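Computed from a prediction, not measured in an experiment: that's the story for all the values here. Hydrogens, waters and symmetry mates are skipped; everything else that's a heavy atom, side chains included, is used. In what follows, chains carry the letters A, B, and so on, assigned in the order in which the sequence lines appear, proteins first and then strands, with residues in each chain numbered from 1.
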Amino acid sequence: MNHRNEEPAGVVVTVDPELGALVPGFLNNRREDLQRIAAAMAEGDYQSLRIIGHNMKGSGGAYGFDHISELGARIEKAALAADVAAAAAATEALESYLGRLDVRYGA
Amino acid sequence: MRGTAHMSLPREVLVVDDDADLCRLLGAWLEGAGYRVRTVAAAPAALAAVAGQRPALLLCDYRLPGMDGLEMVRRLQEEALQVPVILMSAEAGVPEAVQAVNLGMAAVLTKPLQRGCLLAEVARALRLAAPAPGSGGAVAGQGLIFRSACMSELMDQARLVAGSDVTVFIQGETGTGKERLARCIHALSPRAAQAFIGVNCGAIPEQLLESELFGHEKGAFTGALQRRDGLFQAAEGGTLFLDEIADMPLALQVKLLRVLQDMEVRPVGANRGRPVDVRVLSATHGDLDEAVREGRFRADLYYRMNVVPLSLPPLRARPEDIPLLLEHYLARVAERRGLPPKRFAPEAVEYFMGAPWPGNVRQLVNAVEFCVALTPGERIPLGMAQRALRNQPGRLQTLQEAREHCDRRYLAAVLRMTDGQVAHAARIAGRNRTEFYRLLHEHGLEPARFRAGGTALSAQRTRGERA
């Protein structure tokens, strides 16, 4: 198993039960972001990449996923610097995080 | 607090963000807190939405595709669409924050947002903003502006007394809006469709006041060439507002008492009274109890007038209304000048909120005018606000101003009484015609304007002169 600092295995995140109806859609959209990021990187479209990262940064923490905000900030920063390697690393970390995520609803 | 704003429809927040996930989340938070929510993804759609149906608050992202949030707020202001705005930004750089403050935004929130913080800012922004049309303090378009508990309470009382013909006595310092309150009561009463006539009892000499109030018969005195109705008759079916009642001469107080008891008016020179149906409201800035103790005001009339006393709080007792009043008068001045409204810096608003305001709302209106006239930019700084109050003595006019004011009122009253016949007016005033003409000219009074008009015009003028 491949351990990395920013993606500890089996991440349990507890979110506000009132957001129960919204969280699955939000996470699903992040999975779709993975496809869009791949497409943007293939075309060298850093503008789209930056917006995807920016929005992730803005909304992740609000939904209760601070780590998604952090990764979004990394993607935005990489896009601004046109740093393909950093963008790829952050995207990989996002994919891994989404895969390990274990969402619980509670106070 | 018993403000009406809380009982009305939920207030609408317009969310402007191109991130659909964030819009959904904000929608859930805000609806959970009892607001209605609309969301749009870009600035042009937001501008259209605001122009269509004005939300109570705009919650808008700084970075939007095409036109950014700051630019959008500038556009709103250009089009004079006044909406409080909270800016959300993931960067929260100092320059953006400074611009946001200069544009008069309610708050700048840093993303990622936190529910508690966001809801607190939304509530604060709505509290500081003027109430939405029809939902807040403004009553029946009569222009009393407030959100303070003391004024809400007063308005509740006003609504209660409006329904009946009970005699209401309004006490309040100068400039607190006694006539406005009287108009509110009239507007809320079953008499609303009939006339509201205001008269300042302290502004008119005793002999003229009697004829002004009750009318006179032809030939009742020198210069009374025609029979003329008084303000009581002109207010038939409606409301007569007797301002500065404490200044009414004692001799006339007896006559007024009789009118109030019998609801019959006897014009000067008439043998018989004529029935009238008029509701009487009265007011004074002074202490009527003291006037009674000193024998300047008849106790029996006092009890007759003071059936329901309403006390208008001075402005310094309701500082929370000051932001609303400032915004209202800034908008009014701007409308008159045909320019976008200026704004007070937050420190200036705070300074005003702590000022003593001896001249009350009237003084505040003057201060706003002063600041708008002398501020070149869009934002009125603290220093200008301080200057505005330093340059205003507030309550007192100079002796010269007071004399001129008094002369003008006297001349206008004489002209009214003589239907603009200068020869008669001059004789009553004890001046020769040439000199009388000169006086009229000095005070900008045009005798012809007093000829055609009946009592409605004269009442209009009485009000105008006091404003």
Of all residues at least two apart in sequence or in a different chain, which pass the salt bridge (charged side-chain N to carboxylate O under 4.0 Å, His left out) check with Arg74(B)? Glu71(B)

Scan the chain B/chain A interface and emit each donor-acceptor pair under 3.5 angstrom with its distance.
unit_1	atom_1	unit_2	atom_2	d
Asp19(B)	OD2	Ser59(A)	OG	3.3
Asp21(B)	O	Tyr63(A)	OH	2.5
Asp21(B)	OD1	Asn29(A)	ND2	2.8
Asp21(B)	OD2	Asn29(A)	ND2	3.2
Asp21(B)	OD2	Arg30(A)	NH1	2.8
Asp21(B)	OD2	Arg30(A)	NH2	3.0

Under 6.0 Å from the CD atom of Glu12(B), do we count more than 12 heavy atoms belonging to anything else shown? yes

